[in-house]
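All remarks here apply to the structure that follows.
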Amino acid sequence: MPGYSARSSAKVPTPPSDPNSTKFQTVLRQLATVPQRYENPGLLDEALNVIPLNRIYAEAEEESQIMQVEAMSLGKGKAKWGYQDCVIMALLK
């Protein structure tokens, strides 16, 4: 296109200033700090002492292997879920 320049048509974003957007931004900022409350190293160590990690990892490994065998027997190259997915499922139990 003659005379067209991507630079001239680029828009520079600006934060919205309407009350609803400002309120939403404030809520997002507050929620972003919530995970920091759980980053207390002492509490994390205490939680790790209570969580049966060996059982969780063993269960996840077994489930992962079952899924791999099922995928291979069905002619699929990859299992539906990977090992990390199985760890999360074991944690949820």
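Keep in mind it's a predicted model, so treat the numbers as computed, not measured.
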More than 12 heavy atoms from other groups under 6.0 Å of CG on N54:
no

Above 12 or not: heavy atoms from other molecules or residues under 6.0 Å from CD of E46?
no

Could you check whether any side-chain N or O of [X] sits under 3.5 Å from a backbone N or O of [Y], counting only pairs where one atom can act as donor and the other as acceptor?
| X | Y | answer |
| --- | --- | --- |
| D85 | G82 | yes |
| S21 | S17 | no |
| T26 | T22 | yes |

Contact check, side chains of W81 and M89, non-hydrogen atoms, under 4.5 Å
yes

Would you name the heavy atoms of I56 and V87 that are closest together and state the gap between them?
CG2-O, 4.1 Å

Where is the tightest heavy-atom contact between L31 and P35, given as atom of each residue plus distance?
O-CD, 3.5 Å

How far does [atom1] of [X] sit from [atom2] of [Y], to the nearest 0.5 angstrom?
| X | Y | atom1 | atom2 | value |
| --- | --- | --- | --- | --- |
| L44 | I51 | CG | CD1 | 9.5 Å |
| M72 | E70 | CE | CD | 12.0 Å |
| Q68 | S73 | CD | OG | 12.0 Å |
| I66 | E61 | CD1 | CD | 10.5 Å |

Treat each ILVMFWY residue as a node, draw an edge where side-chain heavy atoms are under 4.5 Å apart, and state whether L91 and Y83 are in one component.
yes

Check step by step if side-chain contact (heavy atoms from CB on, under 4.5 Å) holds for K93 and E59.
CA-CA 10 Å; K93 289 180 185 177; E59 187 177 316; 3.0 Å; yes

